[in-house]
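See structure below.
Indexing begins at 1, ligand by ligand and atom by atom, following the structure's order. Everything numeric in this text was worked out from a predicted model, so none of it was measured.
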Amino acid sequence: MRVDVAIVGGGIAGVALAARLTPHLKVALVEREPALGSMTTARSAAMFLPSYGGPDVGPLTRASRAFLTAALDPIGVIFQPRQALHVGRLPHLAPFGLTQAADVPLEALSPRQAVNLFPILREDVIDGAWLEAEAGDIDVAALLDLFRRMALEAGAHLMVDTGEPGIERRGDGWRLAGAHGTLEARILVNAAGPWADALAEAAGVAALGLTPLRRTVVLAPPVAREGFSAWPIVKDVRERFYFRPYHGALLITPADAQPSRPCDAAPEKVDIARAILRFETMCDHRVARVERSWAGLRTFARDRAPVIGWAPDAPSFFWLAGLGGFGVQTSPAVSQLAASLILGEETPAELTAHGVDPRRYAPARLAS
Ligand SMILES: Cc1cc2nc3c(=O)[nH]c(=O)nc-3n(C[C@H](O)[C@H](O)[C@H](O)COP(=O)(O)OP(=O)(O)OC[C@H]3O[C@@H](n4cnc5c(N)ncnc54)[C@H](O)[C@@H]3O)c2cc1C
């Protein structure tokens with residue numbers, strides 16, 4: 001098969017890009033696993049947190065809000081508002097407010113006010129909190145499915161269970177050979193998540209030093225109190241933990257960030273224990289049992305900004321990687337930006353209106 005663009009990686013990044021590009025170009029997407037979105041995308045905590053990720057991520061998150069809140073799926077809405085409480089001790093509390101406040105409205109709360117919102121939180125373990133009112137929950141499966149259907153309806157070829165294709169540079173383009181057969185493409189997009197550096201190397205393109213960091217999530221029974229499912233996300237200002245109601249359960253993470261090789265990550269007992277300990281230190285509530293746990297790899301560039309753009313050493317190789325802990329909440333804007341760069345168009349006005357500047361994400365900044 002001959003296409004304009006071959007996207008390698010069927011997580012949220014690759015599938016969203018296929019949805020955006022297929023109306024304009026002939027697109028094929030290649031996913032090694034039997035299902036789309038089964039690696040990092042399936043492991044997320046499903047939050048929309050405008051304060052997360054700092055000044056390079058904020059514009060992409062803000063520019064994604066309109067798509068997420070408007071997008072309707074046959075099975076329901078994709079975005080549900082939920083407040084976030086950023087809790088901590090002095091002196092860490094004050095700089096959090098200062099650094100986030102410019103872009104994100106935050107309200108300073110006393111410990112008592114914070115406890116009124118999350119009634120099992122211990123008042124004596126915090127000096128205060130910042131309330132972020134514009135956070136929310138994302139239905140990740142519904143969002144992925146929406147992008148998948150957009151891509152299919154526009155005529156994309158979405159191939160799963162392909163194994164790892166052999167990649168060869170052919171003249172100005174690329175040849176991918178694997179279980180799916182042979183694919184020839186003018187442009188190769190690297191949307192391989194934790195495997196992005198490995199994929200680049202397999203294609204003869206310089207790796208950019210992306211690091212996968214493992215993060216663990218524990219699901220415990222819900223807190224048997226009225227209104228629990230509407231309680232806010234509680235997140236440490238220094239990102240040493242967060243916990244939240246999640247699909248009828250209590251989700252806790254110790255916010256671990258252990259460097260890992262790219263793999264299908266699994267939780268370690270010590271991180272599960274740490275999650276419970278941190279939660280029980282913060283709350284008057286015992287975790288009766290662990291219902292489920294999982295881990296995933298958040299992949300970061302060394303400056304923690306996403307990597308979106310052409311490879312400096314291979315003009316038809318496009319990077320769509322380094323989406324850290326924000327790849328779901330930014331997927332509408334990230335895919336729109338990537339599509340505009342591939343199509344050689346100006347950055348869309350919906351993105352520039354929120355301060356999105358493609359130069360911040362150019363892979364060339366990481367080449368050495
Ligand atoms: C615990 C945890 C909590 C998180 N919470 C949030 C959150 O609340 N909000 C948020 O926005 N983000 C969150 N994230 C981050 C988010 O999940 C990621 O940023 C996002 O899923 C990255 O998507 P991706 O498509 O780049 O990667 P992936 O989903 O990993 O997709 C990459 C795909 O490429 C495939 N692949 C790799 N190599 C090849 C190859 N050679 N051939 C074919 N296929 C290949 C893989 O099989 C994989 O399916 C969280 C992540 C974790 C781990």
Under 3.5 Å between some N or O of ligand 1 and some N or O of [X]?
{"X": "Thr162", "value": "no"}
{"X": "Glu31", "value": "yes"}
{"X": "Pro165", "value": "no"}
{"X": "Thr41", "value": "yes"}
{"X": "Arg32", "value": "yes"}
{"X": "Met39", "value": "no"}
{"X": "Leu297", "value": "no"}

Which ligand 1 atoms does [X] reach within 4.0 Å, using its non-hydrogen atoms?
{"X": "Leu323", "result": "19 (O), 26 (O)"}
{"X": "Gln329", "result": "10 (C), 11 (O)"}
{"X": "Glu33", "result": "47 (O)"}

* Asked: Would you call Gly37 a ligand 1 contact, heavy-atom distance under 4.0 Å?
  ->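 Judged by the 4.0 Å heavy-atom criterion, Gly37 does not count as contacting ligand 1.
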* To do: Indicate, as side chain, backbone, both or neither, the part of Leu199 found under 4.0 angstrom from ligand 1 when only non-hydrogen atoms are considered.
  =>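 For Leu199, the contact with ligand 1 is made by the side chain alone.
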* **Residues Arg274 and Asp256 bridged, charged N to O under 4.0 Å** =>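 A salt bridge is absent here (no side-chain N lies under 4.0 Å from a carboxylate O).
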Scan the side chains in residues 293-300 for donor-acceptor partners under 3.5 Å anywhere in the protein, sequence neighbours excluded, and list what turns up.
{"from": "Trp294", "atom 1": "NE1", "to": "Arg43", "atom 2": "O", "distance (Å)": "2.7"}
{"from": "Arg298", "atom 1": "NH1", "to": "Tyr52", "atom 2": "OH", "distance (Å)": "3.1"}

* Quick one: does Leu176's side chain get under 4.5 Å of Thr182's, heavy atoms only? ->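 Of all side-chain heavy-atom pairs linking Thr182 with Leu176, none is under 4.5 Å.
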* Quick one: hydrophobic cluster around Trp195, which other residues, with the 4.5 Å side-chain cut-off, linked directly or via members? ->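 Joined to Trp195, directly or through intermediates: Met39.
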* **Phe67 six-ring face occupied by Arg20 cation (under 6.0 Å, within 45°)** =>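 Yes, a cation-pi geometry.
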